[in-house]
Amino acid sequence: MTLSQQIARSLQLPEDYVLAVARSANHRYKVFTIKKADGRSERSIEQPSKSLKLMQRWIVQHVFDRLPTHPGAHAYTKGRSIVTHAAVHRKSRYISRLDLENFFPSLTSADIGSLLRRSRIALGGSALSDADITLICRLVCRFDRLTIGAPSSPTISNKLLYDLDTRLARDAHRHAAFYTRYADDLYFSSLQPDTLYEVCKEAERAIARTDSPRLVINKGKTYHGSRKRRMVVTGLRVTPDAKVSVGRDLKRTIRAAAHKAHAKQLEPSDLAWLHGMLAYVSSIEPDYVKLIRSKYQVD
């Protein structure tokens, strides 16, 4: 049974429709932009249609979920989060970050095809054929690249970077350093001074030598921190006593908003932000959230 037949049968769709969606997939996206965190530049979002999104999720569940994700990859993985990611580095004294430029669009249909052929995944009792792999690439890529907005892109990115993650983790371990990746951010940490510069140079060389996927480091976003100055991991602070925190600035903002909420002086949109932020912080510092809720009676 071909992959298109399996998708059609599982989703109760005509096979001709599955094939038609694949042929026209490049044009089944809504494209729009949103502001980046810096508030100045914009990020392009390519959101697939409902039918295409349905097939992308099927492919993730039945194909890509069968491939390994490296233990050091903490984004887009069940049971892992920015908290588990930061916790890996909380006992280190020095930390460095490398940023991968234009991450999702750097991952191509050629990379996916190479991965699937090496993996020898079998569905319905037989290995994926070249036609099956072509169908997968058409359904999960737009103009032969992963997109920001497709539900399949996060999982596929982790699978594509498994070998690179393995190599970088091994090289870091050789220097008694720790390695993690959160999406396009690579983090290295160590207890020893003057270690991470060499670790980062080795990582840069390894990435430059990797043919699939072809990735580029954004040198302008390279970050080096320490306990003496400031250690930040995916937006979270590692405190001098080796704890993970959201940081004083955010806490002050939350406390001020909670005070206004208690005095009935907070706008509805700001109240919604406060509730959302308390839910977020509760997964990192639950005792702080309990204190805010009890002191200001924020439900």
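In this text the structure is predicted, and so the values were computed from the model without any measurement. Numbering starts at 1 and runs along the sequence shown.
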Go through the steps to decide whether Arg117 and Asp130 satisfy the test salt bridge (Lys or Arg N to Asp or Glu O under 4.0 Å), and finish with yes or no.
CA-CA 8 Å; Arg117 290 183 180 90; Asp130 287 342; 3.3 Å; yes

Got a donor-acceptor contact below 3.5 angstrom from the Thr253 side chain to the Asp249 backbone?
yes

Dump the intermediate steps for side-chain contact (heavy atoms from CB on, under 4.5 Å) on Ser96 and Tyr187, then the final yes or no.
CA-CA 6 Å; Ser96 295; Tyr187 281 86; over 6 Å; no

Run the side-chain contact (heavy atoms from CB on, under 4.5 Å) check on Gln61 and Arg57 step by step: do they pass?
CA-CA 6 Å; Gln61 180 182 354; Arg57 289 188 172 121; over 6 Å; no

What do you reckon, is NE2 of His224 surrounded by more than 12 foreign heavy atoms closer than 6.0 Å?
yes

Ring centres of His85 and Tyr182 under 6.0 Å apart?
yes

Whether Asn158 side chain and Ala73 backbone form a donor-acceptor pair below 3.5 Å:
no

Please say whether more than 12 non-hydrogen atoms of neighbouring residues, nucleotides or ligands are located less than 6.0 Å from CZ in Arg93.
no

Do Ser245 and Glu285 have a side chain donor and acceptor closer than 3.5 Å?
yes

Flag if over 12 foreign heavy atoms under 6.0 Å of CG, Asp241:
yes

Atom OH of residue position Tyr197 - does it have more than 12 heavy atoms of other residues, nucleotides or ligands inside 6.0 Å?
no

Aromatic ring pairing His89/Phe178, orientation class (parallel under 30°, perpendicular over 60°, tilted between)
perpendicular

With a 4.5 Å cut-off on side-chain heavy-atom distances among I, L, V, M, F, W and Y, is there a chain of contacts connecting Tyr162 to Ile156?
no

For Asp111 and Ser114, test the side chains for any donor-to-acceptor distance below 3.5 angstrom and give the result as yes or no.
no

Donor-acceptor under 3.5 Å (Thr239 side chain, Lys243 main chain)
yes

Any donor-acceptor pair under 3.5 Å linking the side chain of Arg142 with the backbone of Asn26?
yes

Going through the checks in order, is the salt bridge (Lys or Arg N to Asp or Glu O under 4.0 Å) test met by Arg118 and Asp163?
CA-CA 12 Å; Arg118 294 196 313 270; Asp163 288 345; 3.6 Å; yes

Does a side-chain heavy-atom distance below 4.5 Å link Leu161 with Arg181?
yes

Residue pair Ala150 / Gln56: nearest heavy atoms and the distance that separates them
CB-OE1, 3.6 Å

Determine whether a donor-acceptor pair (N or O, by modelled atom type, separation under 3.5 Å) exists between the side chain of Asp132 and the backbone of Leu3.
yes

Using a 3.5 Å distance criterion without hydrogens, assess whether the side chain of His175 forms a donor-acceptor pair with backbone atoms of Ala177.
no

Hey, could you give me the OG1/CG distance between Thr180 and Asp165, rounded to the nearest 0.5 Å?
9.5 Å

Considering all heavy atoms, the nearest His62-Leu123 contact:
O-CD2, 3.4 Å

Report yes or no: do Arg170 and Thr166 form a side-chain donor-acceptor pair below 3.5 Å?
no

Output, in order, the C-alpha distance, side-chain angles, deciding distance and verdict of side-chain contact (heavy atoms from CB on, under 4.5 Å) for Leu135 and Leu139.
CA-CA 6 Å; Leu135 179 69; Leu139 289 172; 4.0 Å; yes

Within one Ile-Leu-Val-Met-Phe-Trp-Tyr cluster: Ile95 and Leu100, side-chain cutoff 4.5 Å
no

With heavy-atom distances below 4.5 Å as the criterion, would you say the side chains of Ile59 and Ser152 are in contact?
no

For the pair Val244 and Arg237, evaluate side-chain contact (heavy atoms from CB on, under 4.5 Å) and give the outcome as yes or no after the intermediate values.
CA-CA 6 Å; Val244 177; Arg237 289 287 310 277; over 6 Å; no

Keeping Thr77 on the side-chain end and Arg80 on the backbone end, is there a donor-acceptor pair under 3.5 Å?
no

Ser212 backbone acceptor or donor facing Thr210 side chain under 3.5 Å:
no

Does the plane of the ring in Phe188 sit parallel, tilted or perpendicular to the ring in Tyr179? Use 30° and 60° as the thresholds.
tilted

To the nearest 0.5 Å, what is the distance between OG on Ser10 and CE on Met55?
11.0 Å

Under the side-chain hydrogen bond (donor to acceptor under 3.5 Å, both in side chains) rule, what do Thr134 and Arg138 come out as? Steps first, then yes or no, please.
CA-CA 6 Å; Thr134 297; Arg138 285 179 175 173; over 6 Å; no

When you group the ILVMFWY residues by side-chain heavy-atom contacts below 4.5 Å and let the links chain together, are Leu266 and Leu250 in the same group?
yes

What are the two closest heavy atoms between Met231 and Gly225, and how far apart are they?
CG-C, 4.2 Å

Using every non-hydrogen atom in the two residues, find where Leu191 and Tyr94 come nearest and quote the distance to one decimal.
O-CE1, 3.6 Å

Minimum heavy-atom distance between Leu274 and Ala261, given as atom pair plus value:
CD2-CB, 4.0 Å

Side-chain heavy-atom pair Leu215, Leu164 within 4.5 angstrom cut-off:
yes

Does Leu186 offer a backbone N or O that forms a donor-acceptor pair with the side chain of Arg97 under 3.5 Å?
no

Please lay out, stage by stage, how Lys260 and Glu267 fare under the test salt bridge (Lys or Arg N to Asp or Glu O under 4.0 Å).
CA-CA 9 Å; Lys260 286 186 177 181; Glu267 295 292 329; over 6 Å; no

Might you point out which heavy atoms bring Thr33 and Ser44 nearest each other, and give the distance in Å?
CG2-CA, 4.2 Å

If hydrophobic clusters are built from ILVMFWY residues whose side chains come within less than 4.5 Å, do Val199 and Val232 share one?
no

In terms of heavy-atom contacts, does CZ of Arg174 have more than 12 from other residues, nucleotides or ligands at under 6.0 Å?
yes

Quick check on the hydrophobic clustering: are Val60 and Val63 connected, directly or via other members, by side-chain heavy-atom contacts under 4.5 Å?
no

Using 30° and 60° as the class boundaries, would you call the ring planes of Phe143 and His27 parallel, tilted or perpendicular?
perpendicular

Any side-chain to backbone donor/acceptor pair from Arg167 onto Ile207? Under 3.5 Å, distance only.
no

Evaluate whether atom CZ of Arg66 has more than 12 neighbouring non-hydrogen atoms of other residues, nucleotides or ligands under 6.0 angstrom away.
yes

